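Notes for the one structure printed next.
Protein chains get the first letters and strands the later ones, always in sequence-line order, with residue 1 at the start of each. From a predicted model like this one, the values you see are computed outputs, not experimental measurements.
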Amino acid sequence: MTPNPYLFIVIFVGVALVFPLIPLALAWLWRRFFQPPKPGAQKNAIYECGVESIGEAQIQFRSQYYLYAIIFLIFDVEAIFLVPFAVAFTGLPVGAFVAILVFLLLLIEGLVWAWGKGCLNWAR
Amino acid sequence: MSEIDEALRNELQRQGVWVTSMQELYNWGRKNSIWPLQFGLACCAIEMIATAASRYDIARFGGEVFRPSPRQADLMIVAGTVTKKMAPQIVRLYNQMPDPKYVISMGACAISGGPFKQGYNVLKGIDRYIPVDVYIPGCPPRPEALLHAFMELQRKIDSQKLTGASRAEHLDPAEPSEFPVPSFGEHDLEPPANRDVFHPAKIERQS
């Protein structure tokens, strides 16, 4: 008689449950009979680098940060596309050339827009 | 739980029966898996790193697992000069370590301020705020000295009792697990020392 092919999964789940439960049970028994728990404000603190945490964890990022995302796209992501474009420049068909030009134009348009908006001015 | 009679143990061992007690088993496991907290303060930390590296190899004593989190550490090696700016952080890290926890005060600076004792910003010994188990003199102590301190700590752990009036601190509900963190005062840390912990040796001068 062949065992059910899913039997080993059941065994696996059983072992996966029992294996972590044994140390937890032992720790609980140890705490119950020998070691008294000693919780404290600092021991239970969330941050564990020795410095007290300041403020709330649920903070909001200002929506003005979208400017950084746009300028990052223009200067950083564009460079990644420009390098393979420059390498394959001579062998490109016309369609691919026009496509990359459109892409560049879109990014340049973004740059012109950011320039006009004054994002590139050094903040004083 | 109680101590085993040595003669009886030897007699049984001769017959091929190995007996132990819960206390011995517990301490044997603890003393051979001391995980230090990974942090160094000054040049003593370089010696601590050398102790952990292959030449001196603290792994032989079960202490190679330097934990970057106090939650997983058993031993705090205060390796180097403790500035007054750093002292509250060290006490807080000590407080965040789970029981049982031990402290090795490594080097002259951690013991007493060492060569920088006169400095306005140097704490004159970490034992002013947290209880220290082993002191290592030296400036800096050699890795062998740290290994010796480690073995001394293992000896201490091995001798700790599980029950009774003289049991280990972490098993006694009356013993504190956290110590007050000093704050920055106008000129010095407030308080300058925790009197419940700090018991300096009395110097008796002969006139």
Heavy-atom distances under 4.5 Å only: say whether B:Y94 touches chain A with side chain, backbone, both or neither.
-> neither
Give the member of B:P68, B:A168, B:P70, B:P98 that has the highest number of heavy-atom pairs under 4.5 Å with chain A.
-> B:P70
Any chance you could measure B:L171, atom CG, to A:F33, atom CZ, to the nearest 0.5 Å?
-> 14.5 Å
Test item: B:R167 side-chain N/O and A:F34 main-chain N/O as donor-acceptor pair under 3.5 Å = no
Do you know which of B:Q72, B:M97, B:R71 makes side chain to side chain contact (heavy atoms under 4.5 Å, CB included) with A:E48?
-> B:R71
Exercise: identify the closest heavy-atom pair between B:Q96 and A:Y47 | NE2-O, 2.9 Å
A:W30, CH2: over 12 other non-hydrogen atoms inside 6.0 angstrom = yes
Is atom CD of B:E190 surrounded by more than 12 heavy atoms (other residues, nucleotides or ligands) closer than 6.0 Å?
-> yes
Residues of residues 75-93 of chain B contacting chain A, heavy-atom criterion under 4.5 Å, by residue number | B:Q89, B:R92, B:L93
Shortest non-hydrogen separation from B:H170 to A:P36 and the atoms involved | O-CD, 3.7 Å
Looking only at non-hydrogen atoms, find the nearest pair between B:F179 and A:Q42 and report the distance.
-> O-OE1, 4.4 Å
Verify the neighbour count for atom CD of B:E24: are there more than 12 heavy atoms of other residues, nucleotides or ligands below 6.0 Å?
-> yes
Above 12 or not: heavy atoms from other molecules or residues under 6.0 Å from CZ of A:F81?
-> no
How about B:R60: does its CZ atom have over 12 heavy atoms from other parts shown lying under 6.0 Å from it?
-> yes
If only atom types and distance count, is the side chain of A:Q35 paired as donor or acceptor with the main-chain N or O of B:D99 below 3.5 Å?
-> yes
Under a 4.0 Å N-O cut-off, is there an ion pair linking A:K38 with B:D172?
-> no
Taking atom CH2 of B:W28 as the centre, does the number of heavy atoms from other residues, nucleotides or ligands within less than 6.0 Å exceed 12?
-> no
